[in-house]
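These figures come from a predicted structure and were not determined experimentally. Read the numbers this way: they start at 1 and go in the same order the structure lists the ligands and their atoms. Quick note: residue numbers are just sequence positions, from 1.
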Amino acid sequence: MLNESVRYLDGTLYVDNVPAADITAQTGTPTYIYSKTRVLHNFHALREAFAALNPHIHYSAKANANLALLRTLIDAGAGIDAVSAGEIVRALAAGCTPDNIVFAGVGKTPEELHYAIEQNVGWFNVENVDECRLLSEIAESEGKTARVALRYNPDVQANTHPSIATGHKGAKFGLNRDDLLYVLENRASYPHIALEGFHVHVGSQLGDTSATVAGVNAALAIMREYPQLQTLNIGGGFPARYTNDDLPDYSAFAHALQPLLNGYDVIIEPGRSIVADAGILLARVLYVKEQGGVTLYIIDGSMTELMRPALYGAHHAIVPVSEPTSTTPVTVVGPVCETTDVLGRDVPLPSMQHGDLLAILDAGAYGMVMANTYNQRPRPAEVMVDGEAWQVVRQRETIADLMRAELENA
Ligand code: LLP
């Protein structure tokens, strides 16, 4: 959806004060463009909505881990939620202090745990009984104690796409109640971890607040029995507005959660809601054809740049860079040799031809981070707009980049 940063001015699509087409005239397409203003707007809106709880906000780097974007949020006061050594390295490179990093993940390797301990990462969100033992041993070998939040799987069903729900029974995420209680009762067996909190994250793009509230209540019911547990990490999951559907905003979550959480130290890990609507993917029409009564716009962007439509049937609005006066429904597809490489169906677009530019909206979250090089397609450039200024914050990959690791070993 269009917003205050991504909108038409005098019939031309702008990102803040820069016409999107001016950028791609220099960078080529496909290119991701991010609005720094919008990222900060979203971050501040979250902070204000939850002000009464004064939470630690750890931006979930998995949503978009571009260094310039991480730096923007870190400079604004965010910590980072990292799920791999790679994300920790990026967080540190972008200026995050190690104590402001939470390290989460269902399958952390011994090497990753070692690295995180060495770097003095602030929190470990632990999801496995064996991980407690391993982490304690590694911390001991470094002469340290790791601060731990146990990730609880509260067995609640989130109102979201099944592929991005995480808090239900049978999901691979978190510790079930028995395992959680086992760890708490046997905490003396893990002398080099300090059990100080719980973590619950029930899913992403949440359609309502109920699963989060249920998950938090379930966690608090156990935490009350263990006074050393004073921190609750309530995860992320706040939805982005890909459509006009009515979805809860930050205030709705804050109002529902605040009465429960007074007196606790609260951590929040938002990803999507901070960056989704701050990013667009600019692409160019290559060809137009009719097939079975459908008009196909074949563009130079595809499922390799933005997997969400192909992977989850996700909806992303697609608009031309020149504001249309009349539109007809078309199907927008990429060049990749997969039937599922469809960016949008029944997309209202004007008549377009070779070379015309269009923008796939709300592509700032889980876009570039999930891009891949299938069909040997180099990953796109990334640009950050800051008011009137803009800058390439990641170069377009080249075909030579894709071959390098092979040629060096040949
Ligand atoms: N914390 C944990 C433990 C998570 O697993 C996630 C997301 C987040 C925080 C951030 O959630 P957010 O605020 O972004 O909803 N690729 C999918 C989304 C996967 C979400 C994974 N976990 C998509 O494109 O919809």
> Under 4.0 angstrom from ligand 1, any heavy atom of Ala104?
Replying inline: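 Per 4.0 Å heavy-atom rule, Ala104 does not contact ligand 1.
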
Report yes if [X] has an N/O atom closer than 3.5 Å to an N/O atom of ligand 1; otherwise report no.
{"X": "Ile164", "value": "no"}
{"X": "Arg151", "value": "no"}
{"X": "Gly271", "value": "yes"}

>> Is it the case that the side chains of Lys144 and Asn120 hold a donor-acceptor pair, with the cut-off being a distance below 3.5 Å and no angle test?
In response: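 Judged by distance alone, the side chains do pair up.
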
> Do you see a donor-acceptor pair shorter than 3.5 Å between the side chains of His201 and Arg151?
Replying inline: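 No donor-acceptor contact under 3.5 Å links the two side chains.
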
Among all protein heavy atoms, pick the one closest to [atom] and tell me residue, atom and distance.
{"atom": "atom 15 (O) of ligand 1", "value": "Ser204 OG, 2.4 Å"}
{"atom": "atom 1 (N) of ligand 1", "value": "Glu269 OE1, 2.6 Å"}
{"atom": "atom 17 (C) of ligand 1", "value": "Tyr312 OH, 3.0 Å"}
{"atom": "atom 20 (C) of ligand 1", "value": "Tyr366 OH, 3.5 Å"}
{"atom": "atom 21 (C) of ligand 1", "value": "Lys62 CD, 3.8 Å"}

Could you tell me which non-hydrogen atom of [X] sits nearest to which non-hydrogen atom of [Y], and how far apart they are?
{"X": "Asp208", "Y": "Ser210", "answer": "OD1-OG, 2.5 Å"}
{"X": "Tyr250", "Y": "Ala49", "answer": "CB-CB, 3.6 Å"}
{"X": "Val126", "Y": "Leu175", "answer": "O-CD1, 3.9 Å"}

Any idea which atoms of ligand 1 are less than 4.0 Å away from a heavy-atom of [X]?
{"X": "Met370", "result": "16 (N)"}
{"X": "Asp81", "result": "1 (N), 9 (C)"}
{"X": "Ser60", "result": "8 (C), 9 (C), 10 (C)"}
{"X": "Pro270", "result": "13 (O)"}
{"X": "His199", "result": "3 (C)"}
{"X": "Gly236", "result": "9 (C), 13 (O)"}

>> In this structure, is the centre-to-centre distance between the rings of Tyr242 and His315 below 6.0 Å?
In response: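 No: the rings miss the under 6.0 Å criterion.
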
> Taking the six-membered ring of Tyr366, is NZ or CZ of Lys62 closer than 6.0 Å to its centre and within 45° of its axis?
Replying inline: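 The answer is no, since Lys62 fails at least one limit relative to Tyr366.
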
> Should the heavy atoms of other residues, nucleotides or ligands under 6.0 Å from CD of Gln395 be counted, would the total exceed 12?
Replying inline: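 No.
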
>> Donor-acceptor pair, distance only, cut-off 3.5 Å: does the side chain of Asp341 make one with the backbone of Val336?
In response: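 A pair under 3.5 Å: yes.
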
> With a 4.5 Å heavy-atom cut-off, do Asn153 and Val202 have their side chains touching?
Replying inline: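 Result no, sub-4.5 Å side-chain heavy-atom pair not found.
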
> When you measure from atom 5 (O) of ligand 1 to each heavy atom in Arg272, His201, Arg308, which option holds the nearest one?
Replying inline: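 The nearest heavy atom belongs to His201.
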
